[in-house]
Amino acid sequence: MKIDKLYLNGKLSIQDVSEKLNIPKHYISEVLNEHMKTNFQDFINEYRVEEFIKRLKNDQNNQFTLLGIAIDVGFNSKSSFNAIFKKFKGLTPTEFKKNLVQNN
């Protein structure tokens with residue numbers, strides 16, 4: 001995931017990962033659920049949130065909107081991005097960005 005950044009594909013499915021790794025999807029699901037205590041969507045979305053934050057901190061992305069960056073890292077809609085971001089970080093993306101600016 002870290003090397004190929006499959007999570008950047010907004011339509012990524014467990015089937016896609018299964019085919020890429022040549023591992024049955026039920027094994028992937030089992031490892032995520034039982035050993036990592038997460039599900040496929042949360043696993044992928046956590047990578048997307050971290051990639052969003054990394055890009056947000058990069059001054060070269062200042063010309064992009066929060067939604068533009070979110071779409072670029074694999075989110076498909078503003079509402080799902082906002083909900084998922086808040087789930088993982090406890091803040092909305094706008095609040096998070098304000099905190100970044102204040103702390104720099």
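Just so you know, residue 1 is the first one in the sequence shown, and it goes up from there.
Here the closest non-hydrogen pair linking Lys5 and Lys2 is CG-O, 3.7 Å.
Taking CD1 of Ile44 as the start and CD1 of Ile14 as the end, the distance is 8.5 Å to the nearest 0.5 Å. Rounding to the nearest 0.5 Å places CE of Met1 at 10.0 Å from CG of Leu8. Leu32 contributes atom CG, which lies 5.5 Å from atom CZ of Phe43 (distance to the nearest 0.5 angstrom). One finds the CD1 atom of Ile28 at 11.5 Å from the CG atom of Asn33 (value rounded to the nearest 0.5 Å). Atom CZ of Phe96 and atom NZ of Lys86 lie 14.0 Å apart (nearest 0.5 Å). Note that CD of Glu46 and CE of Met36 are 8.0 Å apart. Values are rounded to the nearest 0.5 Å.
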Extract all donor-acceptor atom pairs below 3.5 Å that involve side chains of residues 16-24 and protein atoms in other chains or at least two apart in sequence.
residue: Asp16; atom: OD2; partner: Ser13; partner atom: N; Å: 2.9
residue: Asp16; atom: OD2; partner: Ser13; partner atom: OG; Å: 3.3
residue: Ser18; atom: OG; partner: Ile23; partner atom: O; Å: 2.5
residue: Ser18; atom: OG; partner: Lys25; partner atom: N; Å: 3.4
residue: Glu19; atom: OE2; partner: Gln15; partner atom: NE2; Å: 2.9
residue: Lys20; atom: NZ; partner: Asp4; partner atom: OD2; Å: 3.4

Contacts table for residues 63-74: side-chain donor-acceptor under 3.5 angstrom, sequence neighbours left out:
residue: Gln63; atom: NE2; partner: Gln60; partner atom: O; Å: 3.4
residue: Thr65; atom: OG1; partner: Gly68; partner atom: N; Å: 2.8
residue: Asp72; atom: OD2; partner: Arg55; partner atom: NH1; Å: 2.5

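Shown here are the side-chain hydrogen bond (donor to acceptor under 3.5 Å, both in side chains) partners of Asp42, two or more places apart in sequence or in another chain: Lys87. Residues passing the side-chain hydrogen bond (donor to acceptor under 3.5 Å, both in side chains) test with Asp59, sequence neighbours excluded: none.
Residues Asn99 and Leu91 are in side-chain contact: their nearest non-hydrogen atoms beyond the backbone lie under 4.5 Å apart. The shortest distance between side-chain heavy atoms of Lys89 and Ile84 does not fall below 4.5 Å.
Between the side chain of Glu95 and the backbone N or O of Thr92, at least one donor-acceptor pair lies under 3.5 Å.
Taking the six-membered ring where the residue is Trp, the centroids of Phe52 and Phe81 are separated by under 6.0 Å.
Every pair tested for salt bridge (Lys or Arg N to Asp or Glu O under 4.0 Å) that includes a residue from residues 73-85 fails, sequence neighbours excluded, so the list is empty. Within the structure, ring-ring contact (aromatic ring centres under 6.0 Å, His included) contacts touching residues 1-33 (residues at least two apart or in different chains) are Tyr7-Tyr47.
A salt bridge links Glu51 to Lys54: at least one charged side-chain nitrogen sits closer than 4.0 Å to a carboxylate oxygen.
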